[in-house]
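Below you'll find the structure, written out as C-alpha cells, and then a few comments.
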Amino acid sequence: MEKFNKLTAVAAPMPLVNIDTDMIIPKQYLKTIQRKGLGKNLFAEMRYKDDGSEQEDFVLNQPAYRNAEILIAGDNFGCGSSREHAPWALLDFGIRCVISTSFADIFHNNCFRNGILPIEVSQEDLSKLMEDAERGANATISIDLEAQEIRGPDGGVIQFEIDQFNKHCLLTGLDEIGLTLKKENKVTEYEETRKMQQPWL
C-alpha cells in the first residue's frame, strides 16, 4: 500500500449527501477482482451520458478537476453495500483523500485498508472547504497526516481527529497483509513449535 504523509492537491467539490457505493462504482463493474482499471468507471452513471460521452457539468469532467486528488463530499459518504470496489475506483482515478462530515463504517474502514485517507470534519469546516474547492485548480488544499491538519489555499488550518492505529498504517504504508508480514518470524516460530508438539498437523 502506498504511504500517505502529506498531500497538496486540487480538491473537487461534491456537495451531494448519501453518496452510496453504487453511485461510486455501479454494480455492472463489479465482475473484476483487479484493483486497476476501475477509475474510468468511477461515478459512471453521473459522469457519462447513455451514449458513453461525458456529462460536461459533472465535476470530475470539468478541466479544473480532472486531476483532483481530494474529494470534498456531503454527509454520509460511502453508504449502501460494502463493496471494496468503491475505494479501489477512487484510488485508481487518483483520489487519495475524501473529506466529509460522516462516512459509512465499512467504507471508512475500506479506505484505510487501501491507502485512502477519510477525514471527518464539522459542518462548518466542510462548508469552508467546499467553498475553497469551488474556486477550481487555482486553489489547492494541503493535508498533513502526521500533524493532522488541513490547510486551505488562504492559509486557514483545520485540525482533524483520526484513529492512531489507522494513522500509523497509512504513514507506514502497511495494510493488514503488510502488518502480518512484519511478524513473519513469530508466525514461523509458532508454526515450528506446533509441528514439534503436534507432528500430525
Side-chain angles (χ1 to χ4, degrees), residues 1-20 23-25 38-40 42-44 46-47 54-79 86-104 107-108 110-112 114-164 166-173:
M1 186 172 75
E2 186 178 350
K3 295 179 182 179
F4 191 114
N5 191 345
K6 294 180 180 179
L7 173 67
T8 298
V10 170
M14 192 173 287
L16 300 174
V17 300
N18 302 320
I19 294 177
D20 64 29
M23 294 169 70
I24 297 171
I25 181 73
L38 290 169
K40 65 181 180 294
L42 179 69
F43 298 116
M46 293 189 287
R47 195 168 155 201
E54 292 185 346
Q55 294 277 11
E56 295 85 356
D57 59 348
F58 182 67
V59 62
L60 296 181
N61 291 336
Q62 296 172 19
Y65 301 111
R66 284 186 179 274
N67 297 313
E69 295 178 61
I70 301 168
L71 195 62
I72 312 295
D75 303 342
N76 196 30
F77 189 86
C79 56
W88 291 356
L90 286 163
L91 192 61
D92 193 58
F93 179 86
I95 302 295
R96 293 297 316 278
C97 177
V98 182
I99 302 174
S100 178
T101 57
S102 59
F103 295 91
F107 175 82
H108 186 261
N110 281 340
C111 281
F112 284 112
N114 288 281
I116 296 174
L117 173 60
I119 298 177
E120 292 188 27
V121 297
S122 68
Q123 185 61 60
E124 181 182 358
D125 287 337
L126 187 77
S127 297
K128 178 64 174 74
L129 290 168
M130 198 73 75
E131 289 177 8
D132 289 339
E134 287 170 352
R135 292 161 58 181
N138 293 325
T140 58
I141 291 173
S142 297
I143 313 291
D144 186 330
L145 176 55
E146 182 67 52
Q148 296 178 209
E149 289 181 350
I150 305 168
R151 190 172 297 274
D154 298 324
V157 177
I158 296 169
Q159 297 281 341
F160 63 90
E161 297 298 319
I162 185 173
D163 174 83
Q164 292 304 296
N166 287 330
K167 177 180 178 178
H168 168 75
C169 290
L170 280 178
L171 286 171
T172 55

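A donor-acceptor contact shorter than 3.5 Å is absent between the side chain of Arg47 and the backbone of Leu60. Distance alone, capped at 3.5 Å, places no donor-acceptor pair between the Thr101 side chain and the Ser122 backbone. Here the side chain of Arg96 pairs a donor or acceptor atom with the backbone of Gly115 at under 3.5 angstrom. One N or O on the side chain of Gln62 and one on the backbone of Asp57 form a donor-acceptor pair closer than 3.5 Å. No donor-acceptor pair under 3.5 Å is formed between the side chain of Asp92 and the backbone N or O of Trp88.
Taking CD of Glu69 as the reference point, atom CD1 of Ile116 lies at 11.5 Å (rounded to 0.5 Å). Between the CD1 atom of Ile99 and the CD1 atom of Ile141 there is a distance of 5.5 Å, given to the nearest 0.5 Å. Summarising the geometry, atom CZ belonging to Arg135 is positioned 9.5 Å from atom OG1 belonging to Thr140; distances are rounded to the nearest 0.5 Å. Atom OG1 of residue Thr172 and atom CE of residue Met1 lie 6.5 Å apart, to the nearest 0.5 angstrom. Separating the SG atom in Cys79 from the CG atom in Asn18 is a distance of 5.0 Å, to the nearest 0.5 Å. Of the inter-residue distances, the one linking Leu170 atom CG with Leu145 atom CG reads 6.0 Å to the nearest 0.5 angstrom.
Of all heavy-atom pairs between Leu7 and Cys97, the closest is CD2-CB, 4.3 Å. The shortest non-hydrogen separation linking Ser142 to Thr8 is OG-OG1, 2.8 Å. Between Ala133 and Ile72, the shortest heavy-atom distance links the atoms CB-CG1, 4.0 Å. When all heavy atoms of Tyr65 and Ala12 are compared, the closest pair comes out as CD2-CA, 3.7 Å. Ala104 and Gly78 make their closest contact through CB-O, 3.2 Å (heavy atoms, listed as atom of the first residue, atom of the second, distance).
In this structure the side chain of Leu90 reaches within 4.5 angstrom of the side chain of Ile24, judged on heavy atoms. You'll find the side chain of Leu16 reaches within 4.5 Å of the side chain of Met46, heavy atoms only. The closest side-chain heavy-atom distance from Leu71 to Phe77 is below 4.5 Å. With contacts defined as side-chain heavy-atom distances shorter than 4.5 Å, the pair Ile119/Ile162 does not qualify.
Other residues, nucleotides and ligands contribute more than 12 heavy atoms inside 6.0 Å of the CG atom of Asp144. Within a 6.0 Å radius of CD in Gln164, more than 12 heavy atoms belonging to other residues, nucleotides or ligands are found. Applying the 6.0 Å contact sphere to CD of Gln159 captures more than 12 heavy atoms from other residues, nucleotides or ligands.
Between the side chains of Ser102 and Asp75, not a single donor N or O lies within less than 3.5 Å of an accepting N or O.
Taking the six-membered ring for Trp and thresholds of 30 and 60 degrees, Phe107 and Phe103 have nearly parallel ring planes, at less than 30 degrees apart.
Across Ile25, Val59, Ile19, a single residue satisfies side chain to side chain contact (heavy atoms under 4.5 Å, CB included) together with Phe43, and that is Ile19.
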- prompt: For Arg66 and Phe93, what are the C-alpha separation, side-chain angles and deciding distance, and is it a side-chain contact (heavy atoms from CB on, under 4.5 Å)?
  reply: CA-CA 9 Å; Arg66 284 186 179 274; Phe93 179 86; 5.8 Å; no
task: Start with the C-alpha gap between Phe112 and Leu117, add the side-chain angles, then the distance that decides, and say whether side-chain contact (heavy atoms from CB on, under 4.5 Å) holds.
output: CA-CA 6 Å; Phe112 284 112; Leu117 173 60; 4.2 Å; yes
